[in-house]
**Student:** 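Sharing a structure, written as C-alpha cells. Questions coming.
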There are 2 protein chains.
Amino acid sequence: MPGIDEKDREILRILRKEGRITLTELGKRVGLSPASVKNRVEKLEKLGAIKGYSAIIDPAFLDEYVQAFFELKLAIDDHTIDPILRRVAKLDEVQSLYRRSGERQILVRASFHDTDEVKAFAGRLKRLFGKNLERVEVTLIIDTFKENWVSCETGKR
Amino acid sequence: MPGIDEKDREILRILRKEGRITLTELGKRVGLSPASVKNRVEKLEKLGAIKGYSAIIDPAFLDEYVQAFFELKLAIDDHTIDPILRRVAKLDEVQSLYRRSGERQILVRASFHDTDEVKAFAGRLKRLFGKNLERVEVTLIIDTFKENWVSCETGKR
DNA sequence: GCTGAAATTCTGGAGTG
DNA sequence: CACTCCAGAATTTCAGC
C-alpha cells in the first residue's frame with residue numbers, strides 16, 4: 001500500500017477495535033500530536049481505508065429478535081449483477097453483504113423482528129434477482145461471539 | 001425490552017450507522033440535551049445494548065489481502081464447546097464468529113496477509129476443536145458491499 | 001508534524017418539573 | 001427520576017511555522 005506507513009496501520013488497527021477513541025488518546029498511543037493524528041485519520045477516510053464507524057449493537061434491544069444468513073447461489077457469476085447487489089446492500093434489514101468464492105457466492109446477514117419478516121425478505125431477494133437466483137439457503141443466528149473485532153462477551157443475546 | 005424507550009432505540013439505530021457522531025449532534029437528532037444523551041448512552045453500554053465501537057477498515061490498507069469465511073461442522077451441538085469458541089473469538093485474525101442453525105453451525109470471518117496464513121489458521125482450528133470438528137469449508141471473500149450497516153461503496157477492495 | 005489559541009464538545013453537579 | 005442548565009475541563013480544529 002503506497003503512502004501508508006506503520007503509524008497509519010497502527011491507527012487503523014486501534015480504530016477497528018475502539019472506534020470512539022479520542023484523537024488525543026489515539027495520539028498518545030501512536031506517539032503523535034492530536035492534530036497530526038487528525039490529519040492522518042482524515043487522509044485515511046479520504047483514501048477509503050476507513051469506510052465508516054459503527055457501534056456494535058445487541059439487536060434484541062431494537063426488538064430484532066431474528067438474525068439470519070442468506071446464502072445465495074446465482075446463475076451468473078460476473079459483475080453484471082453488481083447493481084442488484086448494491087440495491088440489496090441498501091436495504092435497511094441488511095447488516096452485511098459479501099461476494100465470496102464457492103457455490104453459494106453471495107452471503108447476506110440481516111436482522112428482523114420476527115420470522116414473517118424473514119420470509120418476506122427471502123421473497124424480496126427472489127424478486128430482485130429474478131431468474132439469476134438459483135437457490136437461497138437461510139440459517140438463523142443463534143449466538144454472536146464476536147462482531148467486527150468487538151467481543152460480544154457471553155455470546156448470549 | 002424493559003426500560004428501553006423509543007428514544008433509546010433511535011440512539012442505537014443512529015450509533016449503528018454513525019458510531020463516531022458527537023453527543024451534541026446525537027442530542028439534536030433525538031431531541032435531547034447532550035447530557036441526557038450521554039446518560040442514555042452510558043445506560044445502554046452498561047446494559048450491554050452497545051457492545052463497543054468499531055471503524056470499518058478496508059483490510060488491504062493493513063496488508064490483509066486475504067479474507068475468508070470458515071464454516072465448521074461440529075460433532076457436538078451444545079454449549080460444551082463454548083469455551084473453545086470463546087478462545088477462537090479471541091484470536092487476532094478473527095473478525096466475527098457466529099453460531100447458527102444448519103449443518104455448518106459455526107461461521108468465522110477472518111483476515112490474513114496471504115494464503116499460507118489461511119492454511120495455518122485452518123490447522124489451528126483443527127487443533128483447537130480436536131475430534132469435535134467434523135469438517136471445515138473455507139471460502140474466500142471477493143467483494144464487501146456492506147459491513148455492519150456501513151456501505152462499502154464500490155464493493156472493491 | 002508541531003505549536004498555540006479559538007471553537008466545540010464533554011462532563012458533573014445543582015436545580016427544575 | 002429523567003431532563004435541563006451551567007460552568008469548568010477536555011477535546012477538536014485550524015492557523016502559522
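Proteins come first, then strands; the chains are lettered A, B, ... in the order of their sequence lines, and each starts at number 1.
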**Student:** Please state how far atom CZ in R20(B) lies from atom C1' in dT13(D), giving the value in whole angstrom units.
**Tutor:** 14 Å
**Student:** Taking CD1 from I21(A) and C1' from dT11(D), how many angstroms apart are they, rounded to a whole number?
**Tutor:** 13 Å
**Student:** Going 5' to 3' along nucleotides 1-6 of chain C, which nucleotides have protein heavy atoms under 4.0 Å from the base (write B), which only from the sugar-phosphate (write S), and which from neither (write -)?
**Tutor:** SBB---
**Student:** Heavy atoms only: give me the nearest L128(A)-L91(A) pair and the separation to one decimal.
**Tutor:** CD1-CD1, 4.4 Å
**Student:** Rounded to the Å, how far apart are L26(A) CG and dT13(D) P?
**Tutor:**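 Going from L26(A) (CG) to dT13(D) (P), I get 13 Å.
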**Student:** Between atom CG in L23(B) and atom P in dC3(D), what is the gap in whole Å?
**Tutor:** 14 Å
**Student:** If you check the K38(B) side chain, which of dT9(C), dT12(D), dT11(C) turns out closest?
**Tutor:**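 Side chain of K38(B) sits closest to dT11(C).
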**Student:** Quick one: do the Q95(B) and E64(B) side chains pair a donor with an acceptor below 3.5 Å?
**Tutor:** no
**Student:** Strictly under 6.0 Å, is that where the ring centroids of Y65(B) and F112(B) end up?
**Tutor:**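 Aromatic pair excluded; centres sit 6.0 Å or further apart.
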**Student:** Could you tell me which non-hydrogen atom of A110(B) sits nearest to which non-hydrogen atom of F70(B), and how far apart they are?
**Tutor:** CB-CE1, 4.3 Å
**Student:** Using a 3.5 Å distance criterion without hydrogens, assess whether the side chain of T115(A) forms a donor-acceptor pair with backbone atoms of V118(A).
**Tutor:** no
**Student:** Rounding to 10 degrees, work out the angle separating the end axes of the helix from dG1(C)-dC17(D) to dG17(C)-dC1(D) (five pairs an end).
**Tutor:** 30°
**Student:** L62(B) and R9(A): which non-hydrogen atoms are nearest, and at how many Å?
**Tutor:** CD2-O, 3.5 Å
**Student:** Does any N or O in the side chain of T139(B) come within less than 3.5 Å of the main-chain N or O of R100(A), such that one atom is a donor and the other an acceptor?
**Tutor:**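 Judged by distance alone, no pair lies under 3.5 Å.
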**Student:** Could you tell me whether E117(B) and K119(B) have a side-chain N and a carboxylate O separated by less than 4.0 Å?
**Tutor:**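 Result for this pair is no, no salt bridge flagged.
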**Student:** Check whether any side-chain N or O of T24(B) sits under 4.0 Å from OP1 or OP2 of dC10(C), and answer yes or no.
**Tutor:** yes
